[in-house]
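Structure first, then comments.
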Amino acid sequence: MLSPTLILAHAFGARYDLPVPLYLFVLGGAAVVFASFLLVMQREVAPADGPATGDGGYIVPHRPLLGGLGLLILAFLIYAGIYGSQEIAENILPTMFWLIIWIAVPISCGVVGDWTPWINPFATIARVVDRPDLRQRLIGGPQLAWPRWLGFWPATLIFFLVASGELIYNGWATRPIVTAVALVVYALISAVCGLLFGAEAWLERGEMFSVLWATWGRLGYWRFGRPGRRGFLGGVDQPFDSSIGRITFVFLMLMSVTFDGLLSIPAWKRFQGQLPHGFTVGSAGYIFVALVAFAVLVGLAWTVFGLFAKGVRDVGHLELSVRETIGQLLPSLLPISFGYLVAHNFQYLLVNGQLLIPLAGNPTGHNQWLPAPFNDDYVVHKQPVPSGAIWYLQVALIIAVHIAAVFIAHRHLAGVARTRVQAERSEWPWIFAMVAYTMTSLFLLAQPIVKESNSKSAAPAVHVVHVADAVTAPSGVPPPRQS
């Protein structure tokens, strides 16, 4: 447990006592969000800047140098995954994909904007094969129209599979060879879809990374040619597509982090213990149960937020369907998703990000390229920031993003309601949803770190181990799933 090979979970290292009971943090956060609503409700709303211009990923001018760099990085990672060491601790691919590409890049897009289209190798592949002459030779005709019924479902399904690989069947999905083969298969899928439907249709609605990073990029400061104004939250003025696939994609962004939090609460541990014999973590039975639970959680999000959206429509007498109302309110959920993503992964990035230092010196596990500290002598600092400081940062961040959500919902509802009175009425059901979700978020975030303050005997500090995080220090073996 004290070995330098240990990897921390998304949450925390040492448990500690909160200075006040948890319920005071939860109620205090809810009170701040509600007070912000009372202030924002009186604010006049300026008209949106121009009409809605679409949703999803966006085509940008091709930059061969950056596109070639992205392809080289992808090729190297695939090479490392296939021909490098199959020990997760010794191969750079699991760390690069599950830590950098899957978590750090989305967070960076949420801060600076979506900077990725030029370097995204899957977007480059789709653009390279999107040629009429090549299409004529291979399929003997023009490109196909993207089916309306298909919508955002390819990106949504791929996101569900990858998120499940991180959270559920991670013991298999995070192996270097498995991750590498998955990248090859996905590159081929991007090539085929870019050829059949054209790069624009595939990148806008089907290519998961383009859709994901463009969605987070709505929050970032710079627009990089996307619709919206410059500044933080500058892209949320544009409503989301109200198709079922697009709404489900955004709910998956929200619920994937929530589900990761649920996996650490005592109730889930008790549920695991009550499963039939043979349903141990990593078994086919457990994977099936967890996948169903994940899907049910997304369905629950649909149900709960759908009911609140119906309340918004009915109370405000909006001339929208329930689904269209959800589409109008989805931008207000985006900062909440982002805040939870950052809060849940902050220390995980601080700790596991250090693993890139020794892995940079020996990315395949076979040949040492660089001297110390880029070797196994590097010691991972398992507690770079005190847990108490991170907890306060989490509380502040969760409250701040819920306040932003209240402001964004106010802007959108004021724009679609016929009168100001109806707009104000329509906001009340949504503020109750925001307050409830604030309380739920703070409760879930506290579960991995808080000891009961009335405990008679203090438990020793422990470190959480999470094989879903898929990486350990360069020397040693993968740790057990939890401790």
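No experiment lies behind these values; they were computed from the predicted model shown.
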| request: Kindly confirm or rule out a cation-pi arrangement of Arg218 over Phe240, judged by NZ or CZ under 6.0 Å from the six-membered ring centre and within 45° of its axis? | output: yes

| request: Please step through side chain to side chain contact (heavy atoms under 4.5 Å, CB included) for the pair Met208 and Leu157, ending with a clear verdict. | output: CA-CA 9 Å; Met208 185 269 293; Leu157 177 60; over 6 Å; no

Which atom of [X] lies closest to which atom of [Y], heavy atoms considered:
X      : Y      : result
Ile119 : Leu69  : CD1-CD2, 4.0 Å
Ile92  : Ala80  : CG2-CB, 4.2 Å
Leu203 : Ala123 : CD2-CA, 3.6 Å
Leu318 : Val312 : CD1-CG1, 4.0 Å
Pro176 : Leu93  : O-CD2, 3.3 Å
Thr124 : Leu71  : CG2-CD1, 3.8 Å

Exam field: side chain [X] to backbone [Y], donor-acceptor pair closer than 3.5 Å:
X      : Y      : answer
His366 : Tyr83  : yes
Ser283 : Tyr286 : yes
Thr156 : Gly245 : yes
Gln354 : Leu350 : yes
Arg226 : Asp114 : yes
His410 : Val406 : no
Gln368 : Leu370 : yes
Glu207 : Arg205 : no

Please state whether the rings of [X] and [Y] are parallel, tilted or perpendicular, taking 30° and 60° as the class boundaries.
X      : Y      : answer
Tyr186 : Phe209 : perpendicular
Trp430 : Phe308 : perpendicular
His344 : Tyr340 : perpendicular
Phe76  : Trp369 : tilted

[atom2] on [Y] to [atom1] on [X], rounded to 0.5 Å:
X      : Y      : atom1 : atom2 : answer
Ser332 : Leu233 : OG    : CG    : 11.5 Å
Ser243 : Phe152 : OG    : CZ    : 5.5 Å
Leu254 : Ser256 : CG    : OG    : 8.0 Å
Asn352 : Gln347 : CG    : CD    : 9.5 Å
Ile247 : Leu252 : CD1   : CG    : 12.5 Å
Met253 : Thr248 : CE    : OG1   : 13.0 Å

Contact between [X] and [Y] at the side-chain level, heavy atoms closer than 4.5 Å - yes or no?
X      : Y      : result
Pro142 : Arg135 : no
Trp98  : Asn170 : no
Asn91  : Pro363 : no
Ile101 : Trp213 : yes
Glu427 : Phe37  : yes
Arg131 : Leu138 : no
Asn375 : Asn362 : no
Leu349 : Val342 : no

| Verdict with reasoning, Phe197 to Trp202, per ring pair (Phe, Tyr, Trp, His ring centres under 6.0 Å) | CA-CA 7 Å; Phe197 302 106; Trp202 170 243; 8.0 Å; no

| query | Does the side chain to side chain contact (heavy atoms under 4.5 Å, CB included) test come out yes or no for Ile189 and Val192, once each step is laid out? | reply | CA-CA 5 Å; Ile189 291 174; Val192 171; 5.9 Å; no

| query | Do Trp216 and Phe338 pass the ring pair (Phe, Tyr, Trp, His ring centres under 6.0 Å) test, and can you show the C-alpha distance, the side-chain angles, and the key distance before you say yes or no? | reply | CA-CA 8 Å; Trp216 288 127; Phe338 183 73; 5.8 Å; yes

| request: Start with the C-alpha distance between Asp130 and Glu200, add both sets of side-chain angles, then the distance that settles side chain to side chain contact (heavy atoms under 4.5 Å, CB included), and finish with yes or no. | output: CA-CA 9 Å; Asp130 185 11; Glu200 183 173 356; 5.9 Å; no

| request: Give the C-alpha distance, both sets of side-chain angles, the deciding distance and a yes or no for side chain to side chain contact (heavy atoms under 4.5 Å, CB included) between Arg323 and Ile244. | output: CA-CA 8 Å; Arg323 197 174 69 185; Ile244 296 177; 3.6 Å; yes

| message | Looking at Arg223, I'd like to know if its CZ atom is crowded, meaning that more than 12 non-hydrogen atoms belonging to other residues, nucleotides or ligands lie closer than 6.0 Å. | response |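 Check passes, neighbour count above 12.
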
| Qualifying residue for ring-ring contact (aromatic ring centres under 6.0 Å, His included) with Phe259, from Phe160, Phe251, Phe294 |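 Result for ring-ring contact (aromatic ring centres under 6.0 Å, His included) with Phe259: Phe294.
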
